[in-house]
Structures are given as C-alpha cells and as structure tokens.
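Residue numbering restarts at 1 for every chain, and letters A, B, ... go by the order of the sequence lines.
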Amino acid sequence: MCGMVQQLCKVESCDEVAAKTFLLRFASSEITASAQPGQFVNVLAAEAGEGPLLRRPFSIARVDGDIVELFFHAIGTGTLLLSRKRHGETIDVLGPLGQSFRVDADYDTALIVAGGIGVAPFPFLTADLLKRCKRIETFVGYRNAGQILTSHLQNIHIATDDGSKGFHGNVVQLFEPFLDRTDLGKAKIFACGPTVMLKALSELAKRKNICCEVSLEGHMACGVGLCQGCPVERTGDGSKYALVCKDGPIFLTTDIIL
Amino acid sequence: MCGMVQQLCKVESCDEVAAKTFLLRFASSEITASAQPGQFVNVLAAEAGEGPLLRRPFSIARVDGDIVELFFHAIGTGTLLLSRKRHGETIDVLGPLGQSFRVDADYDTALIVAGGIGVAPFPFLTADLLKRCKRIETFVGYRNAGQILTSHLQNIHIATDDGSKGFHGNVVQLFEPFLDRTDLGKAKIFACGPTVMLKALSELAKRKNICCEVSLEGHMACGVGLCQGCPVERTGDGSKYALVCKDGPIFLTTDIIL
Amino acid sequence: MTASIKNKIKTSFTLRGIEFKNRVFVASGTFGYGDEVRKLVDVSRLGGIFTKSLSWKPRAGNPPQRIVETASGMLNSIGLANIGVHTFIEQKLPYLRKLDTRIIPNIAASSLQEYCDVLELLEEQEGIAAYEINVSCPNVKEGGLNFGTDCSMTGKITASLRKLTNKTLIIKLTPNVTHISEFARTVEAEGADAVSVINTLIGMAIDIKTRKPKLSTVTGGLSGPAIKPVALAKVYEVAKSVKIPVFGVGGIASAEDAIEFLLAGATAVQIGTMNFVDPVISVKIADGLEIYAREHGILDMGTLVGALDADLKFSVLQSWL
Amino acid sequence: MTASIKNKIKTSFTLRGIEFKNRVFVASGTFGYGDEVRKLVDVSRLGGIFTKSLSWKPRAGNPPQRIVETASGMLNSIGLANIGVHTFIEQKLPYLRKLDTRIIPNIAASSLQEYCDVLELLEEQEGIAAYEINVSCPNVKEGGLNFGTDCSMTGKITASLRKLTNKTLIIKLTPNVTHISEFARTVEAEGADAVSVINTLIGMAIDIKTRKPKLSTVTGGLSGPAIKPVALAKVYEVAKSVKIPVFGVGGIASAEDAIEFLLAGATAVQIGTMNFVDPVISVKIADGLEIYAREHGILDMGTLVGALDADLKFSVLQSWL
Ligand SMILES: Cc1cc2nc3c(=O)[nH]c(=O)nc-3n(C[C@H](O)[C@H](O)[C@H](O)COP(=O)(O)OP(=O)(O)OC[C@H]3O[C@@H](n4cnc5c(N)ncnc54)[C@H](O)[C@@H]3O)c2cc1C
Ligand SMILES: Cc1cc2nc3c(=O)[nH]c(=O)nc-3n(C[C@H](O)[C@H](O)[C@H](O)COP(=O)(O)OP(=O)(O)OC[C@H]3O[C@@H](n4cnc5c(N)ncnc54)[C@H](O)[C@@H]3O)c2cc1C
Ligand SMILES: Cc1cc2nc3c(=O)[nH]c(=O)nc-3n(C[C@H](O)[C@H](O)[C@H](O)COP(=O)(O)O)c2cc1C
Ligand SMILES: Cc1cc2nc3c(=O)[nH]c(=O)nc-3n(C[C@H](O)[C@H](O)[C@H](O)COP(=O)(O)O)c2cc1C
Ligand code: FES
Ligand code: FES
C-alpha cells in the first residue's frame, strides 16, 4: 500500500454501459502510477450528510493514461449517487488499496472467470497479462444478455442464466468442460464473482489441481486495515482470519475458507 | 389547512437570482388553487439517506398559474441540495400550510417591511393587495447590493447595511422616518425578517399604534401541528404558547412575545 | 388492490380481547390527536393511534427551542405540551372514537396519583381500546427523578393502574437504563398486558456560536432512523425476556424496518419521527407489509413475530465492544 | 500557516505530569496500531493515539459479518480482534514510540487478573504515556456479564490497576447504563486520572431476506454521527459530576463537533468512526480547532472546556420526554 493516496478526483465521465451497470472514469495520475490489477479504491459517494456514511469499495477495472475506470452495479444509495456523477464533478477516492493478483507466477494460460459485476477487475488484469504474453481465456457469466460487459477482455466465453446469449447456464458449468477438453499448458485461474460461484470454482480448481486466485468482497468500513471489519477465515496455522481489505481482496483459494 | 396536499411536484426551474439566493419554481395546481399569501410549504430536500431527515419550510413567494415560486437562501445542506434541483426533477412538497396574512382588514395603505430573505412572502402578498386596490409601500433591507431582490414588489424603498445601494442602515431606520413624514391614511404593516428586526418593528408599530402582522420563522419538525415543536409565546390568557406552523407563521405582533 | 390483499392475509391481532386491524400504529406525540392531518392520512388503514401524552392539567410545554435536527435523527424537548385529559375528552375523543381505528390514549404524569386520576377519568369514556403509560416523566416527589429509570416505581405505577382498569395496559419503557428487560419483567409481573419499546434516548446539542445548549432544557430525547439499531436491540432483549407482546418503536422508516422489528419479536410497530417527514408513512408501511406478505406467501403476519433465526452461540461475545 | 498559529495559541494540556500537544486523539479500535495509514496521516499533529484494545493473548475476533452500516452510523462486532500485548510490544511499540505523539495503549480483558497482567507487562515498556481501560468486556467468571455495566466491578478494576501504575489511568465508560455519572464518580474515587466517554451503544440489525441478524454476534456496538447527541449528553453528565478530565468520544466528525464536546466539559476528544471515512480527519479537526481559536481570539484551548452557558432552571423538565 505504499502508493496509497486520498484525493479529490475529477470525474471524466459516468455512463450506463449495461443494465444498471456504470462505467465511471476519473483522473488520478497518482493512482494510475502505482495501481496493480486486483487492487481496489474506496470511494466516498457523497459529502457528509448527502449520502451514506461509509466509503464504497470498487475494483480498479482499468487504467488508461491518467484515468482510472470503475465498473459498478447501481444497487443501493451509494452506487446510485455515484451513478449520477457527471463530467467535472469530483469524488473523494482512497487508493489503490489491497493486494494485487500475483501475475508473475509460473503459468502459460490465464483463465479468467467472472460472475456478473465480478468482471470488474479483469480488463486491468487482461492488459497486464497481455504485456506478459500469457494466453488468456475469459469466461463471463451473467443473468441475461442485457448485463453483458466484455470490453477490454480477451477470448471471451459467455454464459447466461436464462440462455439469452451464449451458453445457457452458469459460468462454472461453461468453464469446467472447457478445462477438460482444452490443452492449456500450465494454467492459473483468476476469478471474481458471487461467493457461491467462487466456492464451486475453488473446488473445481482443487480437483483439477490448478492454482486459483479469487477477488473477494466483504463488508468494509475503512478499507485500509484500521477497523478489523472485513475478516475471511484462513486455512493453516497462525491467526484465524485474514483481512479482505489489507491481506486481500485477492487470495489463493487454498489460503482461505470460502 | 383544508387545501393541504402532499405531492411530488415537477421542478420548472431553479436559478440563482441574487448572491446565494435562489428562485425555485415548481408545478402544483392543487397548491396554487388554495394557497394564500403568508402560507408556506414544507419541502423534502432529498430522498431518504441523501440529505437531511426533516423537511424544510419556505414561504410561498408567488404563484403564477400552476407554478409555485419559492425564494430561498442556500445556507445549509437542505437548501444547498434544493438549489441543485433542475428542470424536470421532482420535489416532495407538503402544503400550503399555516395561516395567511389577514389582508381583508380595514386599512388603506399596506406597509411591507422585509429584512433579507424575509422578502420571500411579499411578491405573493403584493399581487393580492393589488387586486384589492390597496396602496403599497415596500421597504426592503439587505446586507449589501448583491443580495437585493425586488421582483414583483411595489414602490420599493431599499436599505443596505453597507450603504452599497439605497439608504445606508437597516430597514427599520429607513422605515420610521417615512412613517413620520408620509400621510398614509389607515395603515397596516406586514413584515418578515430576522427576529431582532421584527422586535424593533413591533415596538415601533406599538408606539405609532399601527396594526402589524409578522411572519415568523422557528425550528420545525412537521410543519403541520403534529410535533408541538415550534412554540412562540403568546400574550394574554389561555395557553402559553402558540404553534408557529399551525397558528402562524403569521401573527399580529400584539398576540405574541417576540 | 389493497382490498384483495386484505382478504387473503391476516394482518390483525388481538390483545386482551380487543382486535387491532393490523400491526402498524402511530407513536405517541408524533401524530397529535389524530386530527391535524386527517385529510391526508386514511387512519382506517392503521392498527391504531397512540395519542400525545395526556396529563391531568394542560401542560404548556417547554420554551423554544424544542427541536434540533441531528444526523439521521432529531432531538425534542416538547415538555409534554398537551391539552390535558379533560379537554381531550371534550374536544378530541368525540372525533377520535368515530374513526375506524383503535384509539390508545398515552398517559403521562408527575405523580403516581396523577397517573391514576387520568386513567380513572378515561375509564369513564367510550371508544378507548387500551392505555399506554409513558413512564419517562419526572417524579416530582423525588426531586424530578425519572419514574422510568426506577424499576420499582415503574412496577408500582403498573400495579396501581392495573387495579383501575380491565382494559389493555401498555407500559412504554425508556431505553435509558442498563437492563431494560428487568423493567419489562417487572411490569409483566405487575399485570401489564404489553410494553412499548422504546421511548427516546437522552441526547444533547450545543450551539457553538452562543455556547448554549440548543434545547431550552439542555438535554432532550433523540429519535428517528439514527436510533433504529438501539431500538431493535432493546426490542430483541425485551421480547426474549417476557411473554407479553412488545410494541416496537424507534426509527422505523419503511416496511423493511417494520419487518426487522417483527422478526426481533415485536408484535406490532409504532411509527414516530417519520410521520413528520411523511405524514402518510404509516399507511405506506401498512401497505408495504401486506405486499411483502403476499410476495412471500405469508398468510398471517403473526408468523413473522419473533421469527428471527439467531444463532446464539456467539451471544457472550456481544459484550466485547 | 499552522506553525504560526501554534506559536500563539496554547493547544496543549497536561495530565498527571504528561503533556499532550493538543486535544485531538484517535479513538481505540479505529486507528489500528497507528501504522496502517502512516503515509497519509501526520500523527505528530495529534494529541495522541489510543491503540486498538490489547488483551493478554491474541484474539482472532468474531466471525464475519462484523460491520453493518446504519443511518449516519455503523454497528461493529469486531470481538476485540487484536494481536495481543506481547506481539504489540515486539512489533508495534518500537515503531509507535518513535512517533512524535503520545501513545496510549487500550487494555481489554475477560478477567480482573488479565487487566492486571496486561498492564504490568506494559509497565515495563518505554514510550507509553497513559493507559486506557476498556471495561466493555465480558467478565467470563460471571458468565459473560459486562464489567462496564457493573459499577462495583468497574471500581474494582480501577482500584487494582491504580495500585500497579503511576502513569495516567483512563477508564473508558460504556453508555449502556442508567446513570453513567455513578460509574464516573466510582472510578474517580478509586484513583482514575480521567475517563473516556463513551464507548459504543448496543445495537442490532436484521437481514430480512435471510431473517438472520446481520452481525454474527446478533448485537454489536453503534458508533458514528448518529450517536453524537447521546455521547454529548453523557459527557455533559459526567463532566458535571467528577473533577477528573473527560475524553469526549462519539460521532465527532468536525472541529465544530469537537468544540461542542469541549464546551460540554470534555478536556479532549477522540475521533473514532470518522477515521474510516476520512483517515486524515483527526488532523483536519486539530487544524480546525486552531483556526477556530484564532478567529475567536482564544489563547488557550482550555478556556473552552466546560464553557457551556447552560441555564439549568429547566433541568427538571429534561426528564419529560
Ligand atoms: C474489494 C471490493 C471490491 C468491489 N468491487 C466492486 C466493483 O468493482 N463493482 C461493483 O459494482 N461492486 C463492487 N464491490 C461491491 C460494492 O462495494 C457494493 O456493491 C457497494 O458498496 C454497494 O453500495 P450501495 O450503497 O449502492 O449499496 P448498499 O445500500 O450499501 O447495499 C445494497 C445491498 O448490497 C449489499 N452489499 C453492499 N455491499 C456489499 C458487499 N461489500 N458485499 C456483499 N454485499 C454487499 C447490502 O447488504 C445490501 O443488501 C466491491 C466490494 C469489495 C469489498
Ligand atoms: C415558516 C417558515 C418560512 C420560511 N421561509 C423561508 C423562505 O421563504 N426562504 C428562506 O430562505 N428561508 C425560509 N425559512 C427558513 C428556512 O426554512 C431555513 O433556512 C432552512 O430550513 C435551512 O435549511 P438548511 O438545511 O439549508 O440549513 P441547516 O443546515 O438546517 O441550518 C443552517 C443554519 O440555519 C439555522 N436555521 C435553520 N432553520 C432555521 C429556522 N427555521 N429558524 C432559524 N434558524 C434556522 C440553523 O440552526 C443553522 O445554523 C423559513 C422558515 C420557516 C419556519
Ligand atoms: C416530537 C416528539 C414528541 C414525542 N412525544 C411523546 C409523548 O408525548 N409521549 C410518549 O410516550 N412518547 C413521545 N415521543 C416518543 C415517540 O413516541 C417514540 O417513542 C420515539 O420518538 C421513538 O420512535 P421514532 O424514532 O420512530 O420517533 C415523542 C417523540 C417525538 C419525536
Ligand atoms: C470498528 C470499531 C472498533 C472499536 N474497537 C474498540 C476497541 O478495541 N476498544 C475500545 O475501547 N473501543 C473501541 N471502539 C469504540 C471507539 O473507540 C469509540 O468509543 C466509539 O466508536 C464511539 O466513537 P465514534 O462514534 O467516534 O466512533 C471501536 C469502535 C469501532 C467503530
Ligand atoms: S475494512 Fe477496515 S480492516 Fe478491512
Ligand atoms: S412544526 Fe410540528 S407542530 Fe409546528
């Protein structure tokens, strides 16, 4: 967290890019300078008294020059207020926070698996993996075609719960047969999505003996390790819990109990 | 309060018409149908969780067809949020509330005396007085020239604290000599402004034996008589306090202790 | 639409033989005497109206300033301004008893005798469904110490009033005590039919310009969404410790909030401060509860009461704060 | 600029011979061990850092969910997750003692003995300015009853620790009691040098979808701006009833809020929950206080302490809620 800053950042744009899903772009050369894929920012949706008390965490979806991009679902007051931000307004951002995906591990193929808005960290990761000349296969699952987000991803395989586009079923059901039928060399899974999906994936990875890193969500107050509010149970000896905000949000599935 | 409604009203416009002073126009044929000069509306500045909890009371500044106009100073979170309302957005309005100025009393000349944003109820009153063919003299006092609001008023006499326009001094100092030198027939004072101004005026009115009605402010929770939160001390027998929201905001100065 | 929902879902409940049509009430002191907003609010959609506290003589109440807005809440120091029970009976009750909802006078007093006098006078009247007793009042004999923070006094008031009436007796408890469940158990033992939980929390605000308290009485009562978590915890504590029904009150602003209180063990809820923000909110919440019941296949709202699925194995940990 | 202000205005105060450079502190459990945000926050601008509560052994804390946001506040049920006093001494204190601010370890325990053990171990260390004792902990011997709601236990802890140290001993009181001033008077009598007022209020939230409490421990501690009016009233009550200094804490979000606490009688303030919203808020508040002092010609911030101009003639009325 050496690059962590707290800044009022200028909003570049905020657009609805899929159903209730927004792409927020804001300027921060400090954050883009140090951010790594998988890290997140903690954003104040409104000034004191004009919105929720606490900041809201969002994965860094992509960096583009000085611009940081976030993808988010408008599900409550905080995200609703953020979705109304317009060019030229400012937002108070704390970041980059947390640990990044460990991209420099030993593998040939990066298997990205995302459920819904869990796709958020992967454009950034993809850009990094491309630089490292890794093969990338991306599996994204959505409720329906209206929610699909695929920009800045590579070799995309789509599943929808209602079958309105791509594979009819969930993303793990799409992913597993692919694993079986494809020669991937040494593979590593990078995943983000609902806990039930991450659980299924983690078991699959264990069965297939593939290294799997996931990005977790958790209810956070501070996002920086001050409050101890975001535990996730660890495997192994040592302390029982890790903190999602500081020790994560990226974890090897073998290190935590989902 | 027979015409009282609670409605989501469409904002027509909201413009800064003087320093930090806004003119908010919204549509409500129900309110314009029954509103009387001196009555107020209680406005929710933002949805739950996006602003202050309680409604904010504002005098009805004018009605124009189906449009209700409010004049307000942006002094805190509630008025700041209101000042950001744009054409087409809606606001939750409760009104019209309270008692109106008693315009049908026996007098020839209406003397309107306003301090600062206390001018708010008087465009509406002026329109009514004009219909009744009363002579109107209007005295308005402001801190400085930048705050002056005079639209829809008649025979305007201006005072500024800093002398940047009109009489150099406060509005009561401007008003008193006018009273002395002018033949007004039977007069009635209608006033609104800071308590210290209303106090001075009320004493003057007493001395000169002129009937004086004032519009009071007070900290309100409900605006409709539910909470008993807005007392003003009464003179005479009977209950000790009147409620500003229900028994007022318009009071004869002889009925209350300022 | 609401009519057809009504036919299917049981919203009513019964207390000491009196049926209340549903579980949403307006709280004492936040709905006047029910007539101020009669044009706006269809009170026949409510379980009942708890009136402003009534004392024997009219009370002028405290000097201004009586109201301070706080973060998601408000402080009040009304000083129980009220018209007195006699005027209530003459001027308000005739109108109230004609309403198609239950009327529950709330009684406040500064002596045990005054509680009894007010209740006895009301006993002679028609159209009263139950009494709610506000014990958050100064005991003048004891130098103004609050009845409601003294468990034995609270019990004594309950026992005395119990002797005077066969109607439903609801004691409204203050949250400003260490163990509210002690008070609940005491009033249950003394014959109360129900408790209301909670009255306001003691709070304060200062005007730093004048360096004076904002309220004329220095401190006042905190209410509104800010206190909802406290109210819910108190309702849960009380519901776990007594068998009599609990009226849950404190910061309720939506049907979802009301459901939280029912799950925590409240038989019914009262809406207070939010009436000031939205006079029709209680009706909206009553409607919201029915819609929720329909959407979740709930046939009797009573099945929600106390239906919290709480894993108590961590209950000891709660006191590590 | 701040340097030139500093020269003119006395911001410091002294407690048992130790000088604190100003009256703004960060509250226990809301600033970790001071190192998490060291790049962002210039802690040398603060009066001191109250550390996360320390117990004898490390504590893993409660299972998730530990945090719930509420209207203008939050509930927490961290379960005093902490690294334990030994690791603190080895890994955190060496860094902390080099900081140009005062370090005040906060001690939590589940037995009287544990309080004593932790303090005795800390006594051997350099760089500790004072101790703060968190009594809002379950007394395991008494089946988990909270020490802090038991006046005689709170007194006993104070007396025992007083014997073990000559350093400043600050007892942090819980607001979840009927008369907090009784507790304050008791710890004053037992030799406490100061009290911190308040810890969190007990609260609860329910997930209506799962029908489970949102917190794994059912109830938790409410903090943040929502509780500021309650905290201020408790500080006022305590400051009126004891002579020892009071650290005011609860919902402070701005220099204006801090001034309210000083006027109510707090010698200094602690910033808690708002550190999560804005990690540098405590420094902003310290700066804000100095700006306020300069603008109002205040030469010593101490003149604000207890400077409330309260007209007590209505104090009896306060209990009419
Ligand atoms: C490290 C991290 C990265 C995240 N990245 C993204 C992202 O890139 N894009 C995105 O859309 N969202 C992301 N989230 C989730 C996002 O923070 C929440 O959706 C947001 O805080 C909701 O705020 P709100 O005020 O709109 O909703 P609220 O009104 O606070 O909540 C709405 C509903 O969502 C639930 N909820 C809120 N926050 C969480 C959470 N953290 N975990 C589980 N349930 C929750 C609430 O309990 C409630 O039911 C991330 C969360 C974490 C912890
Ligand atoms: C019947 C009535 C009619 C009114 N008509 C108008 C009007 O036409 N135009 C207009 O600009 N204002 C009017 N006001 C005042 C207006 O209601 C307040 O300015 C507004 O509520 C402030 O809201 P806020 O959230 O912006 O400020 P807040 O943040 O609530 O307050 C900012 C500051 O103003 C003080 N304040 C707020 N409300 C009041 C009040 N009612 N009395 C005294 N001090 C207060 C606060 O204590 C604080 O110091 C009227 C008030 C009443 C009671
Ligand atoms: C302005 C006001 C006046 C109140 N008056 C009374 C009263 O007269 N008697 C009473 O028992 N409770 C009174 N209360 C307490 C409420 O009935 C309720 O218990 C409390 O406000 C908590 O609920 P809420 O958060 O929904 O407002 C009053 C509350 C407010 C805000
Ligand atoms: C997440 C969290 C953790 C806390 N941990 C502790 C603690 O370990 N020891 C303690 O004495 N108080 C603890 N507190 C209480 C705070 O120090 C403070 O007394 C309380 O939160 C009220 O202040 P606030 O409203 O400014 O947060 C904690 C509070 C929060 C919100
Ligand atoms: S969110 Fe505060 S420690 Fe993780
Ligand atoms: S504001 Fe509620 S009675 Fe006047």
Handout entry: Positions in residues 214-222 of chain A that reach chain D, provided some heavy atom is under 4.5 Å away
Key = A:His219, A:Met220, A:Ala221, A:Cys222
Practice task
Quick one: which of D:Met74, D:Met274, D:Glu69 has the most heavy-atom pairs under 4.5 Å with chain A, could you say?
Solution key: D:Glu69
Exercise for the section: Could you check if a side-chain atom of A:Met4 sits within less than 4.5 angstrom of a side-chain atom of D:Lys39, using non-hydrogen atoms only? Expected result: no
Practice task
Under 4.5 Å, counting heavy-atom pairs only, tell me which of D:Ala60, D:Ala226, D:Pro225 racks up the most with chain A.
Solution key: D:Ala60
Problem - Which atoms of D:Thr70 approach chain A - backbone, side chain, both or neither, heavy atom under 4.5 Å - result: neither
Exercise for the section: Please look at A:Val232 and chain D and tell me whether the side chain, the backbone, both or neither of the residue comes under 4.5 angstrom of a heavy atom of that chain. Expected result: neither
Completion exercise
Most contact-rich option vs chain D, by heavy-atom pairs under 4.5 angstrom, among A:Arg56, A:Lys240, A:Glu233, is A:Arg56
Completion exercise
Rounded to the nearest 0.5 angstrom, the NZ-CD distance for A:Lys246 and D:Glu36 is 4.5 Å
Handout entry: Flag, side chain of D:Arg66 to backbone of A:Pro231, donor-acceptor distance under 3.5 Å
Key = no
Handout entry: Segment of D:Pro58 engaging chain A (4.5 angstrom heavy-atom cut-off)
Key = neither
Practice task
Give a yes or no on this: more than 12 heavy atoms of other residues, nucleotides or ligands lie within 6.0 Å of atom NZ of D:Lys284.
Solution key: yes
Problem - Proximity breakdown for A:Arg234 and chain D, heavy-atom pairs closer than 4.5 Å - result: neither
Practice task
Indicate yes or no: at least one non-hydrogen side-chain atom of A:Leu94 is less than 4.5 angstrom from one of D:Pro279.
Solution key: yes
Exercise for the section: Would you mind reporting whether D:Thr273 and A:Leu53 have side-chain heavy atoms less than 4.5 Å apart? Expected result: yes
Handout entry: D:Arg97, CZ: over 12 other non-hydrogen atoms inside 6.0 angstrom
Key = yes
Exercise for the section: With a 4.5 angstrom heavy-atom cut-off, could you sort out which part of A:Leu54 is near chain D: side chain, backbone, both or neither? Expected result: both
Problem - Spatial distance of atom CG (D:Asn76) from atom SG (A:Cys227) [nearest 0.5 Å] - result: 8.0 Å
Practice task
Quick one: closest heavy-atom pair of A:Tyr241 and D:Pro64, and the distance?
Solution key: CE2-CD, 4.0 Å
Practice task
Check whether D:Asp278 gets within reach of chain A through its side chain, its backbone, both or neither, counting any heavy atom under 4.5 Å.
Solution key: both
Problem - Part of D:Val280 within contact of chain A (heavy atom distance under 4.5 Å) - result: both
